[in-house]
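Below: one structure, written as structure tokens.
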There are 2 protein chains.
Amino acid sequence: MLKHKHDHDACIENALEAAQKICEERETRFTPLRRRVLELVWSKHEPITAYEVLDLLSDGKKRVAPPTVYRALDFLIEEGFVHRIESLNSFVGCSDPAHKHQGHFMICTKCSNVTEMNERSLHDVIKKAAESNGYSYENSILEIAGICENCRN
Amino acid sequence: MLKHKHDHDACIENALEAAQKICEERETRFTPLRRRVLELVWSKHEPITAYEVLDLLSDGKKRVAPPTVYRALDFLIEEGFVHRIESLNSFVGCSDPAHKHQGHFMICTKCSNVTEMNERSLHDVIKKAAESNGYSYENSILEIAGICENCRN
DNA sequence: AGTGCCTTGATATTCTATAACAATCAGGGC
DNA sequence: GCCCTGATTGTTATAGAATATCAAGGCACT
């Protein structure tokens with residue numbers, strides 16, 4: 001499952017700290033709930049659904065309601081800490097939260113891992129394509145399905 | 001609403017005839033239901049949801065059930081007559097059904113019109129981007145949000 | 001303490017999609 | 001024609017994803 005062995009706990013910690021810092025700069029509120037949801041999104045390296053987060057968030061006793069999760073996710077997406085994968089109705093942690101952007105992804109159809117591409121050049125090509133067709137560019141989603149290097153062996 | 005005045009009835013007719021012909025070639029069955037659903041998808045130039053199709057399909061008396069619509073849509077997508085717009089949970093008729101492909105779209109955030117881009121070069125860039133990141137390429141969705149020429153006046 | 005605003009809780013509902021099984025229809029071999 | 005087979009459609013029920021609405025709680029500022 002794990003492609004590259006890496007210290008995932010540290011990986012999560014980094015994401016949480018980065019988010020904390022950015023929120024302080026922006027004076028937005030990184031509340032315990034929002035922090036926890038971000039942690040849960042990062043807890044899987046694969047995309048996670050809102051209801052999976054919901055289940056993880058609900059410990060035996062009390063079950064949280066969907067809006068609790070969706071509102072937290074909305075905040076995290078708004079701040080750029082999380083991206084939504086449209087083709088999977090799922091969410092992933094952003095690999096570069098410092099710069100707000102919309103993600104372009106590759107999705108492995110074998111192992112479900114998702115890789116975010118932060119390639120300026122690709123973004124520019126897409127923007128130009130839109131403009132050459134008469135559209136102003138606001139944002140875009142790009143989700144490429146394929147098989148990752150590891151799964152091809 | 002209409003960007004360019006055009007004979008939309010003829011536009012629908014063309015799509016239906018093309019589909020008919022392609023199904024004959026492929027020896028797949030373009031049944032009355034499938035034909036009707038394709039017609040309904042084309043009846044709006046904007047993307048249409050499965051449940052909108054369902055409502056249109058249900059005349060007063062008998063209401064069809066969701067699977068009826070979804071199965072027809074699945075067939076039409078499989079044959080390449082219809083594309084699904086992930087970011088809108090909606091469907092649009094394909095502008096080039098003769099060649100199977102996955103669509104790349106621009107979506108106007110003002111008027112909701114959708115334009116399909118059939119640009120080989122863009123497709124190639126995306127494919128190359130995936131490959132340079134170690135992924136084999138299967139297919140991709142690209143949905144660009146922006147404002148179309150007409151809406152910008 | 002009182003006000004206002006943001007966040008979270010709670011309940012209900014809407015929208016989107018599929019599972020499972022029954023009934024019907026079309027075509028091929030006899 | 002008649003039966004067999006497989007694809008298509010009908011039907012019922014349910015799963016999965018997301019939002020509307022209103023109430024309650026927390027925080028900051030006066």
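Bear in mind that the values here come from a model prediction, so they are computed numbers and not experimental data. Letters A, B, ... are given to chains in the order of the sequence lines, protein chains preceding strands, and every chain is numbered from 1.
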Check the distance between [N]'s [atom2] and [X]'s [atom1] and give it to me in whole angstrom.
X	N	atom1	atom2	result
B:L54	D:dT11	CG	P	13 Å
A:E78	C:dT7	CD	P	11 Å
B:E27	D:dA7	CD	P	14 Å
B:R35	D:dT9	CZ	C1'	18 Å
A:R36	C:dG9	CZ	P	13 Å

Listed once per pair and sorted, the ring-ring contact (aromatic ring centres under 6.0 Å, His included) pairs that draw on residues 110-130 of chain A, sequence neighbours left out: A:H123-A:Y137

Cut-off 3.5 Å, no hydrogens considered: what does the side-chain donor-acceptor table look like for residues 76-90 of chain B, sequence neighbours left out?
unit_1: B:E79; atom_1: OE1; unit_2: B:R26; atom_2: NH1; d: 2.7
unit_1: B:H83; atom_1: NE2; unit_2: B:H101; atom_2: NE2; d: 3.2
unit_1: B:H83; atom_1: NE2; unit_2: B:E116; atom_2: OE2; d: 3.1
unit_1: B:R84; atom_1: NE; unit_2: B:E86; atom_2: OE1; d: 3.3
unit_1: B:R84; atom_1: NE; unit_2: B:E86; atom_2: OE2; d: 3.4
unit_1: B:R84; atom_1: NH2; unit_2: B:N89; atom_2: OD1; d: 3.0
unit_1: B:S87; atom_1: OG; unit_2: B:E143; atom_2: OE1; d: 2.5
unit_1: B:S90; atom_1: OG; unit_2: B:L88; atom_2: O; d: 2.8

Check: B:S136 side chain, A:I147 main-chain N or O, donor-acceptor pair, under 3.5 Å: yes

B:E52 side chain to B:T49 backbone, donor-acceptor under 3.5 Å: yes

Protein-to-nucleotide contact annotation, 5' to 3' order, nucleotides 23-30 of chain D [B base; S sugar-phosphate only; - none; under 4.0 Å, heavy atom]: --------

Heavy-atom protein contacts under 4.0 Å, nucleotides 10-23 of chain C, coded B base, S sugar-phosphate only, - none: BB----BBBBB---

Non-hydrogen side-chain atoms of A:L38 and A:I12 separated by less than 4.5 Å: no

Heavy-atom closest pair, residues B:N113 and A:Y135: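 Closest approach of B:N113 to A:Y135: O-OH, 3.7 Å.
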
Set of residues satisfying salt bridge (charged side-chain N to carboxylate O under 4.0 Å, His left out) with respect to B:R152, sequence neighbours excluded: none

Residues that B:F75 engages under ring-ring contact (aromatic ring centres under 6.0 Å, His included), provided they are two or more places apart: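 Counting only residues at least two positions away or on another chain, B:F75 forms no ring-ring contact (aromatic ring centres under 6.0 Å, His included).
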
